[in-house]
Each structure stands twice: as structure tokens, then as C-alpha cells.
Amino acid sequence: MRLAVIGYGARIRGVLKYVQQANPECKVTAVVDIRKDKVLNDIEGSGDIRLFDTPEEMLEQEKPDGVLIGTRCSLHTEMALKVLPSGIPLYLEKPVATTMEDALRLKRGFEACPSPVIVSFPLRVTSIVKLVKEIIDSGKIGTVEHVQAVNNVPYGGVYFHNWYRDENETGGLFLQKATHDFDYINHVLGLRPVSVCAMTSKQIFKGTKPAGLRCVECGDNKTCAESTVGTPMEQEWPYCAFAEDTGNEDSGSALIRYETGMHVSYSQNFFARQKAGSRAARFLGYKGTVEFDFTTGIVKVFMHHTPRVETYEIDAAEDHFGGDAALAENYVNMIRGTEESISTLDDGLLSALLCLKARESALTGTFQTVDWT
């Protein structure tokens, strides 16, 4: 199977590792990337890979069996719209869009060219989420009438030290982080969100250090708790997190109403560290509650009307708790024509829409209707 990559960054290289594990016959034969020297260095010894300047040129000359898009986030929509008309199975990194305009363009483009697409939402296919959904679908806890979800990100510095700090690229941290959580919650509930209100704060990662300042140039790099100097991340996370050009909120929360009238509370944070890290949720019904935490791999079922607690322990798996490997296998089978996507572009568009509406709510202090009007 011949694969083409648009945007040959670290994230998509990680995905390719799992794709090639799922089927060793999958080979990257074409790359579109503006950083040709870096790409050549990264793929040295990887066989006969052709470099192209544009997706159009690559699609015309190479005719790959599959295309993976791993550009910076602001280009996901643009690149997807170039690939969709080809009908070639597409692996698209999240978020699928970073602006409402792009989300609408992508929705219209997909309606015109409904090609096979899998969106990089690995949390929905992790063993832990599958178990939670199985328990809820069994009726054990009754219908879910409330959800409490959190994501305290212990490695949040990435969003303030490197290119992620540019909000024009990221679209903000609902689109970067909550997009995953909103997707698995939507998936488990099987319900559609109808309105959202949200709030964000920037209390920590702000300051008066000069724009563009790098940690290695700063006189405080020996005492600053966020300094990357002398760490493995010195090259990847080079910029001062307390400079005046540091973008992104450092915490955010959202209340989401669903079509049945029930609601979800969600909160994320980017300055928790060490053991304070947690990515967890509680799904509450009348008969019981299911809770889990990705960081511990533990699922608990609390029955409300009997003194019984069930505990399940899921072995931790690498890279998105095993979800990346499951998505990669599904993508290979999509190329073969033996499976349909388990994380569709419709799912990606809904999550992006919810994130964009949450961002708009936080900016305007208003409730936002989650629809395409």
C-alpha cells in the first residue's frame, strides 16, 4: 500500500509507526512539505520517497492508496479539501478546522465529495472508553443524566513553549484538547449537543518578557520552573512561557446541554503538574455511576441502591491509551475496503463545531446554539 503524507511532522510520524505495524506493506512513497531539508533528514534511509511542492502535484503524479494529513492545524481544512475529490482514503489530524469559516467549507466539501475519512480521535476507541460505553449501554446505571469530566494536563507547557503558543495556528485550547474529550463524551452518550456556555482564563502563562524570547537567552533560566534549558525539550520547546507574545488560555470550562435536556460539565487546565495530572469523567444515571481515569486505567461502577462497587483495571497502553493503534488498524482496513471509518469526518466536524461555539461563548459571555446556522 502506497501512502502519501501532507505535513511530515512528529505527530504524523507517530501515526505512521502504528499504520506500518498494522500492515508492514504500507510504505510512504510521497511527501508534501515546505521543509524539504528537514524532511530529507527525517526520512534518510527510508527508501524511495518522492517530495512534492503541492498536494495537487502529488495526487496527479503519485496516485497513492492512502493520504495522511499532519500539517499545522490551520491548514487541516485546506489540505483535506484538496484530497476529498480524489476519493482516496484520508487520515485527517484533529482539529479538522480552526475557524467557523473553515468548518463550514469542510462540511460543504465533504457533502459534495463524501470520501472515506478517519479523524484522529483515538480516545473513543481506547479499551477504557469501550468498557465504559459497554457498561452504560447495558443499562446497569440507567440512562445517563449528568456527566462531569476533567482534563488536568501535566505536560501543558507544550502549548506555551513552541508553535502551539500561536492562537492563529491552534484556534485556542478547546480545539487542541477538549476536541478529544468532547468526542469521546458524544460517542459514549450517543446524543447530540444543542447548546454550550464556556469560560476561559489566562492567569499563569502571561508576562512582560520580550516577544520571541527563548529560554536559553533568558537570565532567569536557572531558576524558572518552566525553563526547558538543559532538558530533553530544550530544542522542541524553546520559547519563554512568560513572554508578552505567549498565546492560549491556561484553563477553560464548558457546560454543554444535550438534546434530552441533560448536561455535561467539562473543565481543562494546563498548569497542573506531576501527580496532579488527570483525564477523567463520571457518567451518572439514576441507578448508578461509572467513573474512570485514563491516567490510572481504573474504571469504577457505583450502584446507587445497593452497597456495591465494581472495579476494573485496564492495562495502560502507549500513545493515547492504545487508541492510536486501533485507529491505524481501522485506517489500513479502510484502504483495503473491508471496514468503514470508526471516527468519521461527521464526528470531527461536530467536535470542532462544539469547540468553536465554546470559544465564541467564552469570548462573548453568551450561550451558543450548537448548529450550523
Side-chain angles (χ1 to χ4, degrees), residues 121 123-152 174 177-200 251-269 278-314 321 323 342-344 346-362 366-371:
F121 280 144
L123 296 188
R124 62 161 50 211
V125 292
T126 57
S127 297
I128 201 165
V129 168
K130 285 181 177 179
L131 174 59
V132 168
K133 185 167 176 57
E134 178 185 321
I135 292 167
I136 290 171
D137 289 349
S138 75
K140 181 187 286 284
I141 68 166
T143 59
V144 176
E145 302 299 350
H146 187 50
V147 181
Q148 302 160 340
V150 298
N151 189 6
N152 296 312
F174 282 127
K177 263 306 188 204
T179 186
H180 281 301
D181 301 281
F182 290 169
D183 177 71
Y184 85 71
I185 292 169
N186 291 340
H187 174 64
V188 169
L189 292 176
L191 300 173
R192 189 169 186 86
V194 295
S195 64
V196 61
C197 67
M199 186 176 295
T200 61
S251 63
S253 301
L255 290 174
I256 308 164
R257 189 187 310 278
Y258 282 76
E259 57 191 324
T260 62
M262 62 84 70
H263 78 277
V264 170
S265 68
Y266 172 81
S267 191
Q268 61 183 17
N269 173 285
S278 177
R279 198 169 202 171
R282 275 191 158 208
F283 292 80
L284 295 95
Y286 178 65
K287 295 193 291 185
T289 292
V290 180
E291 73 170 24
F292 75 93
D293 192 329
F294 283 115
T295 58
T296 64
I298 293 175
V299 178
K300 289 188 176 183
V301 182
F302 303 88
M303 302 311 298
H304 290 179
H305 306 296
T306 58
R308 190 172 88 233
V309 178
E310 300 172 7
T311 302
Y312 305 84
E313 188 167 351
I314 307 293
F321 315 101
I342 56 177
S343 181
T344 69
D346 283 330
D347 297 320
L349 285 165
L350 178 60
S351 176
L353 176 64
L354 185 51
C355 291
L356 288 163
K357 294 290 188 173
R359 184 179 69 184
E360 184 67 16
S361 172
T366 61
F367 277 83
Q368 292 286 312
T369 301
V370 182
D371 62 22

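Along the sequence shown, residues are numbered consecutively beginning with 1.
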Kindly write out the residues that satisfy ring-ring contact (aromatic ring centres under 6.0 Å, His included) with [X], not counting sequence neighbours, or none if the list is empty.
X: His187; value: none
X: Phe182; value: Tyr266
X: Phe292; value: Tyr184, Phe294

Atom [atom1] in [X], atom [atom2] in [Y]: separation rounded to 0.5 Å?
X: Asn186; Y: Asp347; atom1: CG; atom2: CG; answer: 8.0 Å
X: Asn269; Y: Lys177; atom1: CG; atom2: NZ; answer: 12.5 Å
X: Thr260; Y: Leu191; atom1: OG1; atom2: CG; answer: 5.0 Å
X: Gln368; Y: Glu360; atom1: CD; atom2: CD; answer: 5.0 Å
X: Ser127; Y: Glu134; atom1: OG; atom2: CD; answer: 11.0 Å
X: Asp346; Y: Ser351; atom1: CG; atom2: OG; answer: 12.5 Å

**Q.** Audit row: Arg124, Ile342, side-chain contact (heavy atoms from CB on, under 4.5 Å) steps and yes/no
**A.** CA-CA 9 Å; Arg124 62 161 50 211; Ile342 56 177; 5.7 Å; no

(Q) If you apply the rule side-chain contact (heavy atoms from CB on, under 4.5 Å), what do you find for Leu189 with Val144, and how did you get there? (A) CA-CA 7 Å; Leu189 292 176; Val144 176; 3.6 Å; yes

Q: Give the intermediate values and the outcome of side-chain contact (heavy atoms from CB on, under 4.5 Å) for residues Val132 and Ile136.
A: CA-CA 6 Å; Val132 168; Ile136 290 171; 3.8 Å; yes

**Q.** Exercise: identify the closest heavy-atom pair between Lys357 and Val370
**A.**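 Closest pair (atom of Lys357, atom of Val370, distance): CG-CA, 4.3 Å.
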
Using only atom types and a distance under 3.5 Å, with no angle test, would you say the side chain of [X] pairs donor to acceptor with the backbone of [Y]?
X: Glu145; Y: Tyr286; result: no
X: Thr369; Y: Asp371; result: no
X: Ser361; Y: Ala198; result: yes

Q.
Tell me whether the count of non-hydrogen atoms from other residues, nucleotides or ligands lying under 6.0 Å of CE in Met199 goes above 12.
A. no

Q: Could you point out which residue of Thr311, Val290, Val129 forms a side chain to side chain contact (heavy atoms under 4.5 Å, CB included) with Val299?
A: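 Going through the options one by one, the only one that passes is Val290.
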
Q | side chain to side chain contact (heavy atoms under 4.5 Å, CB included) involving Gln148 - partner list, sequence neighbours excluded | A | His146, Ser265, Arg282, Leu284

Q) Partners of Ser267 by side chain to side chain contact (heavy atoms under 4.5 Å, CB included), sequence neighbours excluded? A) Ser253

Is the closest side-chain heavy-atom distance between [X] and [Y] below 4.5 Å?
X: Tyr312; Y: Val301; value: yes
X: Pro193; Y: Ile185; value: no
X: Val147; Y: Tyr258; value: no

Q) Do any pairs count as a side chain to side chain donor-acceptor pair (under 3.5 Å) and have a residue in residues 292-308, sequence neighbours left out, and if so which ones? A)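 Pairs touching residues 292-308 that pass the test: Ser278-Asp293, Thr289-His304, Asp293-Thr295, Arg308-Glu310.
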
Q: Give the intermediate values and the outcome of side-chain contact (heavy atoms from CB on, under 4.5 Å) for residues Phe121 and His180.
A: CA-CA 6 Å; Phe121 280 144; His180 281 301; 3.7 Å; yes

